[in-house]
There are 2 protein chains.
Amino acid sequence: MTPSRHDRLTIGQLAERSGLATSALRYYESLGLIHSERTTGNQRRYPRAALRRIAFVRAAQQVGLSLEEVRTALARLPEDRAPTPRDWHSVASTWQHRIDRQIAELQMMKAKLTGCIGCGCLSMSRCALYNAGDRAAAAGPGARYLLTRDPDDGPEPVVGPERRL
Amino acid sequence: MTPSRHDRLTIGQLAERSGLATSALRYYESLGLIHSERTTGNQRRYPRAALRRIAFVRAAQQVGLSLEEVRTALARLPEDRAPTPRDWHSVASTWQHRIDRQIAELQMMKAKLTGCIGCGCLSMSRCALYNAGDRAAAAGPGARYLLTRDPDDGPEPVVGPERRL
DNA sequence: ATCCAACTTCAAGCCCGCTTCAGGTCAAGG
DNA sequence: CCTTGACCTGAAGCGGGCTTGAAGTTGGAT
């Protein structure tokens, strides 16, 4: 099982097997998410490990990481070997938290919605479906929990000068 | 409580109270998400109802709707009055489904991750953390459930000619 | 009457994650 | 050898959701 020629995949083969377009693979490579060697004729040849890295990238995207974040995360995993359980554990537990947070937010949203449906609100006089100050914006994308207070009640619900969502 | 002058908000006031930038409000208006009247000097004056509509937009975004979808949804709600329970119910139940789907996907992801952590895999020999054909791509954004079969096992795991994500 | 912050419009720019295009090169089968 | 399809690069384009900039106008306070 010494690395033989046939371990090296062309970009087309990698595309087929990963389900990504070749353009996406070149793009990923330009970002340093995957790496290739070149033939004498300057064509890319990918190690099988690239498939693993791509799987990682796709999974990470689902968890909501940007490609830049993925790059950082990948930097903590071995380049050409399968990660050890401990490599993997540190990464995966971060993801767990992300996922938990996302689920919690969605559930909160769902609960609020249910309340609104029940009360037939959005009448906006004390409906929960409102978040005047948009406080959560600073907590990052997707982090705005909605719906806090009623703007019809007070004159200056705003907190700071930062109006930029 | 007849609609008085002071019910009309300037774009700056609306920005403060909604937490959005004025540029975003103009943008929303250009998309038909909110509406204003104009002063003799051509400045926008928003009815209070705009706050409600903005709250709706932000909430909808959280649920994953594009602004175009929001526009469609808003078209089913009354322009200047609070929606009735039935108006609201039809819209909200759609959201419920979206939310439920998103939660289900996240939980599936979480389960897979947990499995991977347990087995210390990503060794890619029979790890669940892989989805060669990426079948779910056609099901829309966010719909890819991950991780199905192992590319190291067969030569042509691909299903059709569609390699695009 | 004057001032100045807040408003106006329109066009262009930005970020992300790619795709598409143009113009050329490589490599494997006949 | 020749063809053909896969590959190469760099630049530009796209869609979504805004922001920024320039150049000009309004309106409320003094």
Side-chain angles (χ1 to χ4, degrees), chain A residues 5-6 8-34 36-46 50 54 57-72 134 137 140-142 144 158 161-165, chain B residues 5-6 8-34 36-46 54 57-72 74 134 137 140-142 144 158 161-165:
Chain A
R5 308 183 67 269
H6 118 234
R8 309 273 134 188
L9 304 171
T10 66
I11 194 170
Q13 290 167 332
L14 189 59
E16 254 179 67
R17 301 191 58 162
S18 67
L20 291 176
T22 56
S23 57
L25 295 175
R26 290 197 198 91
Y27 178 62
Y28 283 5
E29 189 169 340
S30 78
L31 297 184
L33 298 174
I34 53 178
S36 61
E37 291 166 359
R38 299 300 181 111
T39 64
T40 54
N42 197 38
Q43 295 195 356
R44 289 172 178 83
R45 289 299 181 270
Y46 291 98
I54 291 167
V57 173
R58 304 308 276 171
Q61 283 188 305
Q62 293 241 354
V63 180
L65 282 79
S66 68
L67 292 183
E68 178 52 33
E69 290 172 305
V70 175
R71 212 184 50 74
T72 306
D134 212 5
R144 324 153 189 135
V158 101
E162 72 290 33
R163 83 195 48 189
R164 197 248 176 245
L165 166 51
Chain B
R5 307 183 68 271
H6 118 232
R8 309 272 135 189
L9 304 170
T10 68
I11 194 171
Q13 290 167 333
L14 189 60
E16 252 180 68
R17 302 190 57 164
S18 67
L20 292 175
T22 57
S23 56
L25 295 176
R26 289 195 197 92
Y27 178 62
Y28 283 6
E29 189 170 339
S30 79
L31 297 183
L33 299 173
I34 52 178
S36 61
E37 291 164 0
R38 298 300 179 112
T39 63
T40 56
N42 197 35
Q43 296 195 356
R44 289 172 178 82
R45 288 301 180 268
Y46 292 97
I54 292 167
V57 172
R58 305 307 278 170
Q61 282 188 306
Q62 292 242 353
V63 180
L65 283 79
S66 68
L67 292 184
E68 179 52 30
E69 290 172 306
V70 176
R71 212 184 51 74
T72 304
L74 272 174
D134 211 8
R144 325 155 189 132
V158 102
E162 72 289 33
R163 85 194 46 190
R164 197 246 177 244
L165 160 54

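In what follows, chains carry the letters A, B, and so on, assigned in the order in which the sequence lines appear, proteins first and then strands, with residues in each chain numbered from 1.
Residue contacts for Thr40(A): at a heavy-atom cut-off of 4.0 Å it reaches no nucleic acid atom on any strand shown.
In this structure, the CG atom of Leu14(B) is 11 Å from the P atom of dT8(C), given to the nearest Å. Protein atom CD of Gln61(B) is 10 Å distant from nucleotide atom C1' of dG16(D), rounded to whole Å. Here the P atom of nucleotide dA27(C) and the CZ atom of Arg8(A) are 16 Å apart, to the nearest Å. Taking atom CZ of Arg58(A) as the reference point, atom P of dG17(C) lies 11 Å away to the nearest angstrom. Rounded to whole Å, the distance from CG on Leu31(A) to C1' on dC16(C) is 10 Å. Going from atom CG of Leu65(B) over to atom P of dG15(D) covers 20 Å, rounded to whole Å. When the P atom of dA27(C) is taken as reference, atom CD1 of Ile11(A) falls 15 Å away, rounded to whole Å. With rounding to whole Å, Leu25(A) atom CG is found 13 Å from dG17(C) atom C1'.
The rotation axes computed at either terminus of the helix from dA1(C)-dT30(D) to dG30(C)-dC1(D) lie 10° apart, taking five pairs at each end and rounding to 10 degrees.
Arg38(A) has its side chain within reach of Arg44(A): a pair of non-hydrogen atoms, C-beta onward, lies under 4.5 Å apart. Residues Arg8(B) and Thr39(B) fail the side-chain proximity criterion, which asks for heavy atoms closer than 4.5 Å.
Remark: Leu33(A) CG to Glu68(A) CD distance equals 8.5 Å, nearest 0.5 Å. Ile34(A) CD1 to Leu14(A) CG: the interatomic distance, rounded to the nearest 0.5 Å, is 6.0 Å. Residue Gln13(A) holds its CD atom at 7.5 Å from CD of Glu16(A), rounded to the nearest 0.5 Å. Interatomic distance, Leu74(B) CG to Tyr28(B) OH, rounded to the nearest 0.5 Å: 11.0 Å. Expressed to the nearest 0.5 Å, how far CG of Leu25(B) lies from OG of Ser36(B) amounts to 10.0 Å.
Distances shown here put a side-chain N or O of Tyr28(A) below 4.0 Å from the OP1 or OP2 atom of dC18(C). Distances shorter than 4.0 Å separate some side-chain N or O of Thr39(B) from OP1 or OP2 on dG27(D). Within the 4.0 Å cut-off from OP1 or OP2 of dC16(C), not a single side-chain nitrogen or oxygen of Tyr27(A) is found. Phosphate proximity of dC7(C) to Thr10(B): present, with a side-chain N or O under 4.0 Å from OP1 or OP2.
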Anything under 3.5 Å between a protein N or O and an N or O of nucleotides 9-12 of chain D, put it in a table, one pair a line.
{"from": "dT9(D)", "atom 1": "OP1", "to": "Arg38(A)", "atom 2": "NH1", "distance (Å)": "3.1"}
{"from": "dT9(D)", "atom 1": "OP1", "to": "Arg38(A)", "atom 2": "NH2", "distance (Å)": "3.0"}
{"from": "dT9(D)", "atom 1": "OP2", "to": "Arg44(A)", "atom 2": "NH1", "distance (Å)": "2.8"}
{"from": "dT9(D)", "atom 1": "OP2", "to": "Arg44(A)", "atom 2": "NH2", "distance (Å)": "2.7"}

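Contact check on Glu29(B) versus Arg26(B) returns no salt bridge, with no Lys/Arg side-chain nitrogen under 4.0 Å from an Asp/Glu carboxylate oxygen.
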Review point. Under the side-chain contact (heavy atoms from CB on, under 4.5 Å) criterion, do Ile54(B) and Arg17(B) qualify, and how do the steps go?
Key: CA-CA 10 Å; Ile54(B) 292 167; Arg17(B) 302 190 57 164; over 6 Å; no

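The side chain of Gln43(B) lies closest to dG27(D), out of dA27(C), dG27(D), dT19(C). Side-chain proximity of Ser23(B) to dC8(D), dT19(D), dT8(C): nearest is dT19(D). Residue Leu67(A) has its side chain nearest to dC18(C) when only dT19(D), dC18(C), dT26(D) are considered.
With sequence neighbours excluded, the residues that form a side chain to side chain donor-acceptor pair (under 3.5 Å) with Glu69(A) are Ser66(A), Arg98(A).
Nearer to the 5' terminus of DNA chain D, by closest-nucleotide assignment, is the contact made by Ser66(B) (compared with the other of Arg45(B) and Ser66(B)).
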